Q: 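Below is the structure I would like to discuss, written out as C-alpha cells.
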Number of protein chains: 2
Amino acid sequence: MKNYNVDAYPPMFNTVDIALFSIIDNELAVMLIQRAEEPYKGFWALPGGYVDVENDEDALAAAKRELQEETNLENIYLEQLYTFTKKGRDPRESLANRPCRIFSIAHFAIIDYQKVKAIAGSDASDVAWFKISKLPKLSFDHSQIIDTAVSRIRNKINYTNVGFELVPKKFTIPELRSVFEKVLGRELNPTNFRTKLLKLEILEDTGEKKVEGRGQPAPIYKLDKKKLLELQKNGETLFN
Amino acid sequence: MKNYNVDAYPPMFNTVDIALFSIIDNELAVMLIQRAEEPYKGFWALPGGYVDVENDEDALAAAKRELQEETNLENIYLEQLYTFTKKGRDPRESLANRPCRIFSIAHFAIIDYQKVKAIAGSDASDVAWFKISKLPKLSFDHSQIIDTAVSRIRNKINYTNVGFELVPKKFTIPELRSVFEKVLGRELNPTNFRTKLLKLEILEDTGEKKVEGRGQPAPIYKLDKKKLLELQKNGETLFN
DNA sequence: CCAAAAGTGTTAGTGATACACCCATGT
DNA sequence: ACATGGGTGTATCACTAACACTTTTGG
C-alpha cells in the first residue's frame, strides 16, 4: 500500500454549522452571528467552523466546541442534521486556485434561553437571536439549513426529549405545554396535554408550586430521565 | 477578497457510500462489493466513491451515479442518511503525507429485487447481496452505516413511500404486507393491514387477479402516487 | 372434500378530543 | 365578588387488535 499524496485530489472542505434554537418571547428563535469577513461580510450567518482534524475532532466534537465558544455553555442538546453539498452554496468555491467544493455538515442544537441569559459571553455584539418568523437576510444556504432544522425539531418533539431541553430543570406542565405550542406553532388543549403527559409517568413532582400572576398555582415537576429513556428504548411515542 | 490557497488547509476527503437494500428470500438484504484494493482488499464493503466536483456533482448526484454504475438501474429511491466522521474510520488517514480525515456521506437506497435480477451488470463477480442477518466481515465502519440505515428504513416505512419502492409497480396487498413484515422483522395481522391500507385510498385496483398456489386470487393494485403525496403533505402517517 | 390463502364483519379495548365543572389565586 | 388560569372527570368518537366467518382456489 503506497502513501497517498493528499494534494493530488480535488479538494473538498467541510465546515460544521450549527443552528442553535431556543424560545424567546413565546417564539422559536435561532442564534446567528454577524460575519466579520468576506464573503457575506456584515450579513448574519449560522455559527460554524472547521473540524480540527489535527486534534482528532470529529464533526460532532467540532460543533460542540463551536457552540461552547459562542455561548460559554456546555451540555447543550446537539445532533447532526444533514450535509449540504450543492455546487455554489459557498462563493469561496470559485475563488480557490483549483476546483473545490465546500460542504456543510449542519447540526442543530436546542437550549433553554434562561441558561443563555445567565451566562456571560453572549453579549458579544456580533451574536444575536432572531425569531424564526423574522429572520434577516442570511449568508450562504443558511436559511435552507434553518428550515430543515425546524422541520426536524417539529417532528422530533413528538417522540424524543427535545421538548424538555427547552425548559428549565424544574418546570410546570403549563410551561412545558407552552414550549410545545411554540415549537409546533399551534395551540394545544391544556387538559389533554396534561393527561397524556402524566400517563407517561416520566415526571417527578417536587412538591413545590409556582404562582404566575393569577390562577391556581401549578405544581413544579422534574423530568425522570431514566423513565424517559426506557420509553424511547421501547420505541413508544410521547405524543401524536 | 484574496484567493484561497486550497492546499494550505488540513485536508478532508468526502466519500459517498450507498447502502442499497432489497428483499431477497423473504429477508431484508444489502448489496455489497468486494474490494479490489487496499485497504480491506478482498473484504466486502458498501459501494461508494468520490464526489466529482469538477463536473459539478453534489453528494446525492454522486451517489446516484455510483448506484447506476453498480446496478445499471435508474430511478432508485435514494436518500442521504448520515455523515460519518470519526477519526480512524478509514485507515488511509494515517497513510497520507499530512494529517487528514476521510468523511463518509452515507446514503441509503431501496429497490425491488425483481428489477435488479432483470438487468445485466449485476452479475459482476465482485457484487453480491447479503441478508442483513448474515453479513460478512465488513470494511471500514460500514456495518455501523448499515445498522443506521436499517433503523432509518424501519422508521420511515411507517410514514413514507419506502415500502412501495420494494414492490413491483403492480402488486397485491399480501405481497405488500410481506414486504412490511420483512422490513420490520415481525408479522402483521393480514386483516388489519388490509383494512388500514384500503382506508387510506391510495391504491388503484387494476381489475387483474393474481393466483399464487392455493387460495383465493388476490386483486392486483397500483399505487396512486398523487394521493400518497397528498397524504404525506398533510403530515399524516400511513401506519402506526 | 379439504387445506390454504384472501376477503368481510364484529367486538372489545385503547387513545384522542371536547367540554363541563371545580379549585386557588390576584385584583 | 369575579376574572384568570390550573386541575379533574366524563362523554364521544376514531382507531387498533383479535377473532370468527365466508369465498375462492389447488390438490
Side-chain angles (χ1 to χ4, degrees), chain A residues 26 154-155 157-159 163 167-168 170-182 184-223 231-232 234-240, chain B residues 26 155 157-159 163 167-168 170-182 184-222 231-232 234-240:
Chain A
N26 287 330
R154 284 194 173 146
N155 191 251
I157 199 171
N158 289 321
Y159 62 96
V167 110
K170 295 180 175 184
F171 56 88
T172 67
I173 292 182
E175 282 169 351
L176 185 66
R177 173 172 49 82
S178 173
V179 163
F180 273 68
E181 288 176 341
K182 273 48 182 178
L184 295 172
R186 63 187 166 91
E187 294 198 340
L188 299 172
N189 183 303
T191 301
N192 300 330
F193 183 85
R194 188 176 178 282
T195 311
K196 273 194 279 188
L197 192 61
L198 288 178
K199 194 158 40 175
L200 294 173
E201 296 187 324
I202 55 176
L203 295 189
E204 189 186 330
D205 194 334
T206 64
E208 304 166 61
K209 304 258 179 187
K210 178 159 190 176
V211 184
E212 192 142 25
R214 292 185 182 180
Q216 182 170 326
I220 298 179
Y221 294 89
K222 283 195 300 186
L223 174 65
L231 273 187
Q232 292 177 325
N234 301 337
E236 293 185 45
T237 58
L238 304 183
F239 300 94
N240 299 327
Chain B
N26 287 332
N155 190 251
I157 199 172
N158 288 320
Y159 62 96
V167 111
K170 294 179 175 186
F171 55 88
T172 67
I173 291 183
E175 282 169 351
L176 185 67
R177 173 171 51 81
S178 173
V179 162
F180 273 70
E181 288 176 341
K182 275 47 183 179
L184 295 173
R186 62 188 167 89
E187 294 199 341
L188 298 173
N189 182 302
T191 301
N192 299 330
F193 183 86
R194 188 177 179 281
T195 311
K196 273 195 279 188
L197 192 60
L198 288 177
K199 193 159 40 176
L200 293 173
E201 296 187 325
I202 55 176
L203 296 189
E204 189 185 330
D205 194 335
T206 64
E208 302 167 60
K209 304 257 182 189
K210 179 158 191 174
V211 184
E212 192 142 24
R214 291 188 182 178
Q216 183 169 326
I220 298 179
Y221 294 90
K222 283 194 301 186
L231 272 188
Q232 293 177 324
N234 300 338
E236 291 185 46
T237 58
L238 303 183
F239 301 95
N240 299 325

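The sequence lines fix the lettering, A, B, ..., with proteins before strands; numbering per chain opens at 1. Just the heavy atoms: all of them, side chains too, but no hydrogens, waters or symmetry mates, feed the values below. All figures in this text were calculated on a predicted structure; none of them were measured in a lab.
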Q: List the atom of B/Ile173, the atom of B/Arg194, and the distance in Å for their closest heavy-atom pair.
A: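 For B/Ile173 versus B/Arg194, the nearest heavy atoms are CD1-CG, 4.0 Å.
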
Q: Hey, is CD on A/Glu201 packed in by over 12 heavy atoms from elsewhere, all under 6.0 Å?
A: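 Counting other residues, nucleotides and ligands, CD of A/Glu201 stays at 12 neighbours or fewer.
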
Q: Expressed in angstrom and rounded to an integer, what is the separation of B/Leu197 atom CG from D/dC15 atom C1'?
A: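 Rounding to the nearest Å, CG of B/Leu197 and C1' of D/dC15 are 16 Å apart.
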
Q: Report the C-alpha distance between A/Val167 and A/Tyr221 in whole Å, list the side-chain angles of each, state the deciding distance to 0.1 Å, and finish with yes or no for side chain to side chain contact (heavy atoms under 4.5 Å, CB included).
A: CA-CA 11 Å; A/Val167 110; A/Tyr221 294 89; over 6 Å; no

Q: Expressed in angstrom and rounded to an integer, what is the separation of A/Ile173 atom CD1 from D/dG5 atom C1'?
A: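 Distance check: A/Ile173 CD1 to D/dG5 C1' gives 14 Å.
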
Q: Is there a side-chain contact between A/Val179 and A/Arg177, using heavy atoms and a 4.5 Å cut-off?
A: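 Contact flag for A/Val179/A/Arg177 side chains = no.
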
Q: Rounded to whole Å, please give me the gap between NZ in A/Lys210 and P in C/dA24.
A: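 To the nearest whole Å, that distance equals 21 Å.
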
Q: Taking NZ from B/Lys209 and P from D/dG26, how many angstroms apart are they, rounded to a whole number?
A: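 Rounded to whole Å, this separation is 14 Å.
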
Q: Hey, which of these two, B/Tyr221 or B/Arg214, hits DNA chain C nearer its 5' end, going by closest nucleotide?
A: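 Nearest nucleotide further toward 5': that of B/Arg214.
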
Q: Please report the closest heavy-atom contact between B/Gly163 and B/Leu176, naming both atoms and the distance.
A: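 In this case the closest contact between B/Gly163 and B/Leu176 is O-CD1, 4.0 Å.
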
Q: What is the separation between atom CG on A/Asn189 and atom P on D/dG5, rounded to the nearest whole Å?
A: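 That distance rounds to 15 Å.
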
Q: Provide the closest heavy-atom pair for B/Thr191 versus B/Asn189 in the form atom of the first, atom of the second, distance.
A: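 Scanning both residues completely, I find the closest heavy atoms to be N-OD1, 2.9 Å.
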
Q: State whether the number of non-hydrogen atoms from other residues, nucleotides or ligands found under 6.0 Å of B/Lys182 atom NZ is greater than 12.
A: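 More than 12 heavy atoms, drawn from other residues, nucleotides or ligands, come within 6.0 Å of this atom.
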
Q: May I have the distance from B/Leu198 (atom CG) to C/dA6 (atom P), rounded to whole angstrom?
A: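 Atom-to-atom, B/Leu198 to C/dA6, this comes out as 14 Å.
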
Q: How close or far is atom C1' of C/dT8 from atom CZ of B/Phe193, stated in whole angstroms?
A: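 Atom CZ in B/Phe193 sits about 17 Å away from atom C1' in C/dT8.
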
Q: Heavy atoms under 4.0 Å, any strand shown: does B/Pro190 hit a base, just sugar-phosphate, or nothing?
A: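 If one applies the 4.0 Å heavy-atom cut-off, B/Pro190 turns out to touch nothing in the nucleic acid.
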
Q: Between B/Tyr159 and B/Gln232, what is the shortest heavy-atom contact and its length?
A: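 That would be O-NE2, 3.7 Å.
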
Q: Enumerate the protein-to-nucleotides 21-23 of chain D contacts in which both atoms are nitrogen or oxygen and the separation is below 3.5 Å.
A:
from   : atom 1 : to       : atom 2 : distance (Å)
D/dT23 : O2     : B/Gln216 : OE1    : 2.0

Q: Give me the atom names and distance for the closest heavy-atom approach of A/Glu175 to A/Lys210.
A: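 Shortest heavy-atom separation between A/Glu175 and A/Lys210 comes out as OE2-NZ, 2.7 Å.
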
Q: Ignoring backbone atoms, establish whether B/Arg194 has a side-chain N or O less than 4.0 Å from OP1 or OP2 of C/dT8.
A: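 Yes, because at least one side-chain N or O of B/Arg194 sits under 4.0 Å from OP1 or OP2 of C/dT8.
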
Q: Would you kindly give the CG-to-P distance between B/Leu188 and D/dT16, to the nearest whole Å?
A: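 Nearest whole value for this atom pair: 13 Å.
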
Q: Of the candidate nucleotides D/dC15, D/dG6, D/dG7, which contains the atom at the shortest distance from the side chain of A/Arg177?
A: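 Selected nucleotide (nearest to the side chain): D/dG6.
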
Q: Select one nucleotide: of C/dA6, C/dA24, D/dT24, the one nearest the side-chain heavy atoms of A/Pro217.
A: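 Between C/dA6, C/dA24, D/dT24, the one nearest the side chain of A/Pro217 would be C/dA24.
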
Q: Considering only nitrogen or oxygen atoms on both sides, find all protein atoms under 3.5 Å from nucleotides 9-14 of chain C and state each distance.
A:
none

